[in-house]
Asks: 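Attaching a single structure in structure tokens format; questions to follow.
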2 protein chains.
Amino acid sequence: MSSLSIGQLAKQAGVAIDTVRYYERNALLPPAGRLASGYRRYGTTELKRLRFIRRAKALGFSLDDVRELLALSDEHDIAKVKRAAERKLGDIAQRIEELERIRAGLNTLVAACPGHGRAEACPILNALTLEQAP
Amino acid sequence: MSSLSIGQLAKQAGVAIDTVRYYERNALLPPAGRLASGYRRYGTTELKRLRFIRRAKALGFSLDDVRELLALSDEHDIAKVKRAAERKLGDIAQRIEELERIRAGLNTLVAACPGHGRAEACPILNALTLEQAP
DNA sequence: CTTGACTCCGGACCCAGGTCCATACTTCAG
DNA sequence: CTGAAGTATGGACCTGGGTCCGGAGTCAAG
């Protein structure tokens, strides 16, 4: 126990084997220990790290962000971790705002569209077609 | 007037020349008329169509969506246009929900983080590190 | 006529985040 | 011992939406 092949590790972390190797190549995981045969061997440290990556991604962090987060985590710098999380929160809020604006615009058009009749009466088509600020 | 080179068209539509050719290759614009020299020539129809594409993209439609919208627009099928817009509205709503969930999760963590002290006391790091549903 | 700006084309390249491939070697169950 | 399943490698490929490149041909002003 606590000694895992790459396949077991991948399965327990819920990612693909290729993804594990991809993360290693891209410095999200440290170079794995090897058996005499060249096979990679992992312990619970790597499993935790891999799950950390998965969860951080689920929270909207990019792999670059995750690399940074892992470094901060390794050096126990809570203040920087918190600031990184706040920045990400700001990013996410901005993406939401952008989508909300789009939704509001599209919603207005859909609501105003009778769904039948002449094409010239369709506000959706008109909004896309008519002359406006280029 | 009303006869435009690709450069003039691109400028008036607010896109790059390469983008115009890219759209033509990908059937968002019909094959352009040509001068004897092989240079493309455009009229106001193409300018309108190009602006249509720009606006639809701004509303969150992918180029595949736009192709569909243009086809529906060409055949004056208002009902289908409205349904396509409603589907897109649903997509957008879903993306917003997803981001809201992420924001809520991250926000809770950030709010609970003191920003100093032991790494074990940082809820952000803990959330990423601790054993949970894999 | 010359010069600089414009346009042509096909194909390579960019971003992120992987995924897939062929070929060769290792490990494990029976 | 044998055959299936697992693993190693480097590099190609994928998605979307373009962007850039180089060499060659064209257009317009002076």
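Note on naming: letters A, B, ... go to the chains in the order of the sequence lines (proteins, then strands), and numbering restarts at 1 for each one.
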Asks: Please classify the nucleic acid contact of A/Leu35 as base, sugar-phosphate, or nothing, using heavy-atom distances under 4.0 Å.
Replies: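 It contacts nothing in the nucleic acid.
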Asks: From C-beta outward on B/Leu63, which listed nucleotide comes closest to its side chain: C/dT27, D/dT19, D/dG17?
Replies: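 Nearest nucleotide to the side chain: D/dG17.
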Asks: What is the nucleic acid contact for A/Lys57, judged by heavy atoms within less than 4.0 Å: base, sugar-phosphate only, or nothing?
Replies: sugar-phosphate
Asks: Does OP1 or OP2 of D/dG17 have a side-chain N or O of B/Arg67 closer than 4.0 Å?
Replies: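 So the side-chain polar atoms of B/Arg67 never come under 4.0 Å of the phosphate oxygens OP1 or OP2 of D/dG17.
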Asks: Nearest-Å distance, OH (A/Tyr22) to P (D/dG11)?
Replies: 17 Å
Asks: Determine whether A/Leu69 and A/Ile78 fall in the same hydrophobic cluster, where Ile, Leu, Val, Met, Phe, Trp and Tyr are linked whenever their side-chain heavy atoms lie under 4.5 Å apart.
Replies: no
Asks: On DNA chain D, nearest-nucleotide positions of B/Ala36 versus B/Ile53: which is more 5'?
Replies: B/Ile53
Asks: Ignoring backbone atoms, establish whether B/Thr19 has a side-chain N or O less than 4.0 Å from OP1 or OP2 of D/dG17.
Replies: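 So the side-chain polar atoms of B/Thr19 never come under 4.0 Å of the phosphate oxygens OP1 or OP2 of D/dG17.
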Asks: Does A/Arg21 reach a base, just sugar-phosphate, or nothing at all? Heavy atoms under 4.0 Å.
Replies: base
Asks: Atom CG of B/Asp65 to atom C1' of D/dG16: distance rounded to whole Å?
Replies: 12 Å
Asks: Could you check whether any side-chain N or O of A/Gln94 sits under 3.5 Å from a backbone N or O of A/Asp91, counting only pairs where one atom can act as donor and the other as acceptor?
Replies: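 It does not hold such a pair.
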Asks: Start at the 5' end of DNA chain C and walk down; is the nucleotide closest to B/Tyr42 or to A/Phe61 reached first?
Replies: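 Comparing both residues, the 5'-ward one is B/Tyr42.
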Asks: Output the rounded distance in Å from CD (A/Glu24) to P (D/dG10).
Replies: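 The distance from CD of A/Glu24 to P of D/dG10 comes to 11 Å, rounded to the nearest Å.
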Asks: Contact class for B/Arg34 vs. all strands (heavy atom < 4.0 Å): base, sugar-phosphate, or nothing?
Replies: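 Result for B/Arg34 = sugar-phosphate.
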Asks: For A/Cys113, is there any backbone N or O sitting under 3.5 Å from a side-chain donor or acceptor partner on B/Lys82?
Replies: yes
Asks: Rounded to the nearest angstrom, tell me the gap between atom NZ in A/Lys11 and atom C1' in D/dA5.
Replies: 12 Å
Asks: Measure the distance from CD1 on B/Ile6 to P on C/dC8 and round it to the nearest whole Å.
Replies: 5 Å
Asks: Set out, in order, the CA-CA distance, both residues' side-chain angles and the distance that settles side-chain hydrogen bond (donor to acceptor under 3.5 Å, both in side chains) for B/Thr129 and B/Asn126, then state yes or no.
Replies: CA-CA 5 Å; B/Thr129 308; B/Asn126 282 342; 5.6 Å; no
Asks: Can you check the A/Asp64 CG to C/dA16 P distance for me, whole Å?
Replies: 6 Å
Asks: In whole angstrom, give the distance that lies between atom CG of B/Leu4 and atom C1' of D/dC27.
Replies: 16 Å
Asks: Do A/Arg103 and A/Glu100 pass the salt bridge (charged side-chain N to carboxylate O under 4.0 Å, His left out) test, and can you show the C-alpha distance, the side-chain angles, and the key distance before you say yes or no?
Replies: CA-CA 5 Å; A/Arg103 175 160 72 170; A/Glu100 290 285 15; 2.9 Å; yes
Asks: Roughly how many Å is it from CG in B/Leu50 to C1' in D/dG17, rounded to a whole number?
Replies: 14 Å
Asks: Below the 4.0 Å mark, does C/dG17 have OP1 or OP2 next to a side-chain nitrogen or oxygen of A/Tyr23?
Replies: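 So the side chain of A/Tyr23 is outside the cut-off, no N or O lying under 4.0 Å from OP1 or OP2 of C/dG17.
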Asks: Between D/dT19, C/dG17, D/dT7, which nucleotide gets closest to the side-chain atoms of B/Ala16?
Replies: D/dT19
Asks: Report the residue from B/Leu4, B/Ile17, B/Thr44 that forms a side chain to side chain contact (heavy atoms under 4.5 Å, CB included) with B/Leu9.
Replies: B/Leu4
Asks: With nearest nucleotides of DNA chain D determined for A/Ile17 and B/Ser37 from heavy-atom distances, which residue corresponds to the more 5′ nucleotide?
Replies: A/Ile17
Asks: Under the 3.5 Å rule, do the base of D/dC27 and the side chain of B/Tyr39 count as making a donor-acceptor pair?
Replies: no
